[in-house]
Amino acid sequence: MPEANVLIIDDEKHLAQFTARFLQSKGFAAFIALDAQSGLASFKKLRPELVLLDLGLPDGSGTELLTAIKDCDPETAIIVVTGNTSTRSAATHVRLGADDYLTKPIDLEELLAASRSALEWRRQSQELQHRRANAVGTAKDFIRAASSEAMQAVQNLAARAAAMQGIVLLTGESGTGKDHLAAWIHQNSPRRDGPFFSLNCAALTRELTESELFGHEAGAFTGTKGRKRGLLELANHGTLVLNEIGELALPIQSKLLTFLDTRSFLRVGGETKVSIDARIIAATNRDLAEEVRHGGFRADLYYRLNVFPIELPPLRKRLSDLPVLVTDLLDKLTGTINLAQRPTLSREAQQRLLCYDWPGNIRELRNALERAIMLTGGGLLDSDSFCLSPLPNRALDTQLAPSDELVLSPSTPIDFHAELDATARRLIQRSLKTARTRQEAAALLGLSRHALAYQIKRLGMDQDPDEQEELGKAGQAPNRQEDQTTSTS
């Protein structure tokens, strides 16, 4: 698979052939056209990712051909090649859409670096369009599901943030939708027509994070070829979201603080400052104030970021939003899994979802729905569809009933260990009543199946009539199947 298809449009046949052979040796597929007419025809037929365009063509203007190519495909990377060393000419053609401007005689290594840089810019531009399209959809869905009082307060703050240009700090547990809220703020801001990028600071090493954020010059690292624009530069006149900003290494925190104060930065390995206008939205599930106290986050950067904080509530505090969230997620999953129609939830299944605390928040909700669909094939999802997944249930009340409360006094000493065993017995019995299998019962208690089996044996519950009766109600067949599966594994 070639690195890219390159069309060379140049009336100097020997030079074009020499350039083509060089690019082919570097992994490109190269094609040649010797005049403007055949060049445009070849472009429409081949649709190459990169065009090397000589301006001095015998049958037409290279400038007009550049415009015609851009009209056909604005995303095509074009490098102008000419003997004219005029700075004004270079600036003119860059304004018309050229990615770079090289003068003859061509330095082959310079050509290679320029070609790869132009292709990388093309790739990033396409990725930008994809991200912007996704951001519009997810942002609309996110706000549509904001009917609870907690989320209405968040929406009001987000609307104020969108109308302004300052730094926003989004906090909240993992999976609460901070990235979606950031997209909503961008889409409802004066920067809505500008680029929108997001960087997960926890997903990359320190060196890669610095390069992704600030970019680098050719030769900054071993093996790097050509200049790379960082996300800050690509987000010029738009928005950059820094997800998991609490994971940034301290040296990069310092460089980010400098940018926030000066609105300029140096690419890695660079000597010239780059000034840009990008809005920063930071997001984290960490307590940054606590991180500052422990030395894991710079205090000055924290104060600089904490201009307009918005805390997103966990799903357990906005359960009134659950029906709309489920509807939106099922709509998306129907398309993703390629189902004929959208699945529906039975009343019992809805109640089960509402009885769960969702520690993984919206992300966990999506995973639970997707798993239920994949296990059942879609259609009607009943309560049993979610019993297949080890989801804790609030129906398991771990609190002692008032009649079970102990009265401590010097005249009535208790057997501490016996009371602990009695409490453990009650919890195990309740988990077995609630669950359909011992695997689920163990999950309700936060134990492994083997740990639950050990406790049942230790407490002498193997022959417990109450337990056997409850297991009979729940159905013993699943337990037998589970034990058989375990014995053969």
Enter the distance from [X]:[atom1] to [Y]:[atom2] here, rounded to the nearest 0.5 Å.
X      : Y      : atom1 : atom2 : value
Ser431 : Gln429 : OG    : CD    : 9.0 Å
Gln187 : Ile185 : CD    : CD1   : 11.5 Å
Ile245 : Thr284 : CD1   : OG1   : 8.0 Å

I'd like to check the side-chain hydrogen bond (donor to acceptor under 3.5 Å, both in side chains) partners of [X]; sequence neighbours left out, ordered by chain and number.
X      : answer
Asn361 : Glu173
Arg191 : Gln165, Asp277
Arg363 : Ser174

Residues which pass side chain to side chain contact (heavy atoms under 4.5 Å, CB included) with Phe308, listed by chain and number, not counting sequence neighbours
Leu157, Arg160, Ala161, Met164, Ile310
For Glu207, which residues count as a side chain to side chain contact (heavy atoms under 4.5 Å, CB included) partner, sequence neighbours excluded?
Thr205
Check: [X] side chain, [Y] main-chain N or O, donor-acceptor pair, under 3.5 Å:
X      : Y      : value
Arg316 : Tyr356 : no
Lys178 : Gly172 : yes
Asn306 : Tyr302 : no
Asn200 : Ala202 : yes
Ser117 : Ala113 : no
Glu49  : Leu119 : no
Lys26  : Leu112 : no

Going through the distances and angles, do Lys228 and Glu212 end up as a side chain to side chain contact (heavy atoms under 4.5 Å, CB included)?
CA-CA 9 Å; Lys228 174 184 172 62; Glu212 283 294 309; 3.3 Å; yes
Do other residues, nucleotides or ligands put more than 12 heavy atoms under 6.0 Å from Lys317 NZ?
no
Cationic N near anionic O, under 4.0 Å, Arg286 to Glu247
yes
Check ion pair Glu348-Arg352 (N to O, under 4.0 angstrom)
no
When you check the side-chain N and O atoms of Asp179 and Ser198, is any donor under 3.5 Å from an acceptor?
no
Would you tell me whether Gln455 and Arg458 have side-chain atoms, one donor and one acceptor, within less than 3.5 Å of each other?
yes
Can you give me the closest heavy-atom contact between Cys201 and Leu242, atom names plus distance?
SG-CB, 4.3 Å
Of the non-hydrogen atoms in Gly246 and Leu288, which two are nearest, and what is the gap between them?
CA-CD2, 3.9 Å
Are any of the side-chain heavy atoms of Leu369 and Leu333 separated by less than 4.5 Å?
yes
Please confirm whether the ring centroid of Phe214 lies under 6.0 Å from the ring centroid of Phe265.
yes
Do Glu370 and Leu329 pass the side chain to side chain contact (heavy atoms under 4.5 Å, CB included) test, and can you show the C-alpha distance, the side-chain angles, and the key distance before you say yes or no?
CA-CA 9 Å; Glu370 184 173 5; Leu329 290 171; over 6 Å; no
Suppose the criterion is side-chain hydrogen bond (donor to acceptor under 3.5 Å, both in side chains): which pairs have a residue in residues 230-239, not counting sequence neighbours?
His186-Thr239, Glu233-Arg267
Could you walk me through whether Leu353 and Trp358 pass the side chain to side chain contact (heavy atoms under 4.5 Å, CB included) test, one step at a time?
CA-CA 9 Å; Leu353 298 185; Trp358 301 106; 3.6 Å; yes
